Amino acid sequence: MLRSHNCGELRVSDVGCEATLCGWVESKRDHGGAVFIDLRDRYGVTQVVIGPPEADQPAIDFAGRVGAEWVIKAHGSVAHRLEGKVNEKLSTGEIELRCAAVEVLNASVAPPFVPSQPDLPNEDLRLKYRFLDLRRPQMQRSLITRSQIIKEMRDYFAEHDFIDVETPILGRSTPEGARDYLVPSRVHPGQFYALPQSPQLYKQILMVAGFDRYVQVAKCFRDEDLRADRQPEFTQLDLEMSFVDAEDVIAIIDGLVDRVVRKVLGRAIPTPLPRMTFEEAMRRYGSDQPDLRFAMEIVDITEIAKTVEFRVFRATADSGGFVRGIKVAGQAEDFSRRRLDELTEFVKRDFGARGLAWFRVEADGTLWSPTSKNFTAEELSAITAAMNAQPGDLLLFLADSWNVTCRGLAGLRKRLGAELKLYSPDSLHCSWITDFPMFERDEESGQWHAKHHPFTAPLAEDLELLATDPAACRAQAYDLVINGSEAGGGTIRIHDPATQQQVFELLGIDEATARDRFGFLLDALKYGAPPHGGIALGIDRWVMLLAGLENIREVIAFPKTQKATDLMTEAPGNVDADQLNELRLRTVSVKT
RNA sequence: GGCGCUGUAGCUCAAUUGGUUAGAGUACCGGACUGUCGAUCCGGUGGUUGCGGGUUCGAGCCCCGUCAGCGUCGCCA
């Protein structure tokens, strides 16, 4: 090692010792006759002093010429700082390293920004110079937290008899699901591998093979548009277990959550984690990933709406729609017309709502709204009672289809929760959402789609509904939700060929297609497949949520932009004509 | 693909209603300085206001297009 200590460990107890430090020049204070350098590495910052009596003037002048982000080595003796010169901001602030000279290991050109800069540079600049951005203590903390979380996961599963098995990155494209990233085959011109959206099929095969408990930190790829919490390549903690039901998988993950939160955050989270069915989540929060850090539950006033004059409510309720709303406690005064117009625009634009009805609860407990003249006093007080509204509250209602009221109110809830700071930044709420529907119906084509994936087993008591009422058929599926974000999801799988066949038929996957795309799984299921199930956890999201960050790029060393490019490497890029020829590929331009 | 926000010196930002030569801090360069820790002091370099077009006597500011980053809807079994 070029160093004897790191830049975060020297203390008063080391005073008098010799030490050699290596690191980056975080800042330099040049007094002509003495130079102070804050030397930074992953572990911290230590002040290095080059001045008399240790250093002669040429050495001091030399030290004065080092610049920001130069890499230097400093050898000297650890000394108490002078009386009253302790720096409270540094863990090493009671001491300094007094050196006769510094050695430059590598100079740096003037960086476009420095890691210690208080205002973050624009994100495109951070991504282009990621090697500088990653020097920032915040980024180092995030990636260290990520490493710790993964370490705890691996330890936990190793202790529970899980076997880590790697599965291929070059696989084959399967129908349904997200858009695949494709890799052309040179050996088989015109044919393509697909990068895995998840190791789903492989892990089921591993169960058939008798591995019993499988785990993997798996890179996954989905060619869909990005979001603040979504990257085209991401990492899952993927696992699968044999001879289990949903309770067993949930129990294992409860234990994992407890351990990771305890070991990494030093906090306790009560387990078993609370659970809620899909139906309840949609009814109370309008979302299958509700943010349970705050209440603001949805209230259904459709029955009241059926009796009122107000056409928007009445017509919706009478034609099978729903009138549902939320209460924004104590905010009647703080929401101007303009702000309410903004919310109206928001639910129209983002969720296709026809409008937003709102009421203020006046001091005397009566409701006021631009449309309140369309209601009788009795109707208004019925609404007040249903919403359990108090003077000063603001009531927001959507009158629409079930789906639009769910999505719109969930959107409002999420937005208002953040804007009004209805939860503390460090609150952590984990819960399970269970009993998802097996299928969703495409509203236009009427085609059924698997809500999770086509290998998901129905609840035993709903098995008959497969044939009679697919919409009502619930799945043995469970999602882990952390702070309103989907942090994991899994299912018990179908291990019976007849049921699998039935599901494929419903999904419109004919036998030939099924055989072509995943015949190997169907074959495997015939050779003694144990009942099995599992789950995949979104590691990037776990880290983001546990670190209290709002963006997944903050926990990924080299993330992609919203247009799926890497600003540092400039991927994707062009390739040589030779490479394309070898693959029998040609690009075509498409007029837009 | 739709909607929205942002783009001014290397970096972070300012610039009144559309009005003089686009400013500040920091970084950088030169100089001074022995106890600083956002060092300080003196001096200096640095601008096609993302790009293209338009309106106007006059555009950083208004309009259209375009590029990039971000947020979001669609999409994400």
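These values consider heavy atoms only, across backbone and side chains, with no hydrogens, waters or symmetry-generated copies. Since the structure is predicted, the reported quantities are computational estimates derived from the model, not experimental observations.
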**OP:** Could you state the atom-to-atom distance from CD of A/Glu69 to C1' of B/C28 in whole Å?
**Re:** 15 Å

Subject >> Any A/Lys563 side-chain nitrogen or oxygen under 4.0 Å from OP1 or OP2 of B/A68 >> reply: yes

Original post:
Between atom CD1 in A/Ile552 and atom P in B/C70, what is the gap in whole Å?
Top reply: 13 Å

**OP:** Have a look at A/Arg407 and say if it touches a base, only the backbone sugar-phosphate, or nothing, with a 4.0 Å heavy-atom cut-off.
**Re:** sugar-phosphate

Original post:
Ion pair present between A/Glu554 and A/Arg126, side-chain N to carboxylate O less than 4.0 angstrom?
Top reply: yes

**OP:** Scan A/Pro52 against the nucleic acid and name what it touches under 4.0 Å (heavy atoms): base, sugar-phosphate only, or nothing.
**Re:** base

**OP:** Answer with base, sugar-phosphate or nothing: what part of the nucleic acid does A/Leu120 contact at a heavy-atom distance below 4.0 Å?
**Re:** sugar-phosphate

Quick test: give all pairs of protein nitrogen or oxygen and nucleotides 39-42 of chain B nitrogen or oxygen below 3.5 Å, distance rounded to 0.1 Å.
from	atom 1	to	atom 2	distance (Å)
B/A39	N6	A/Asp30	O	2.6

**OP:** Answer yes or no on whether A/Arg415 is positioned over the face of A/Phe346, meaning its NZ or CZ is under 6.0 Å from the six-membered ring centre and within 45° of the axis.
**Re:** yes

Original post:
Does any nucleotide pair with B/A22 by Watson-Crick or G-U wobble geometry, both distances under 3.5 Å, and what is it?
Top reply: none

Original post:
Would you call A/Glu123-A/Arg553 a salt bridge at under 4.0 Å N-O?
Top reply: yes

Original post:
Counting just side-chain N and O atoms, does A/Asn122 come under 4.0 Å of either OP1 or OP2 of B/U12?
Top reply: yes

**OP:** Identify whether any heavy atom of A/Thr46 sits under 4.0 Å from a base atom; if not, whether one sits that close to sugar-phosphate; answer base, sugar-phosphate or nothing.
**Re:** nothing

Original post:
Using purine N1 to pyrimidine N3 plus N6-O4 or O6-N4 for Watson-Crick, or N1-O2 and O6-N3 for G-U wobble, both under 3.5 Å, which nucleotide pairs with B/C5?
Top reply: B/G69

Original post:
Has A/Tyr193 got more than 12 heavy atoms of other residues, nucleotides or ligands less than 6.0 Å from its OH?
Top reply: no

Original post:
Looking at A/Arg130 and A/Asp133, does any basic side-chain N land under 4.0 Å from a carboxylate oxygen?
Top reply: yes

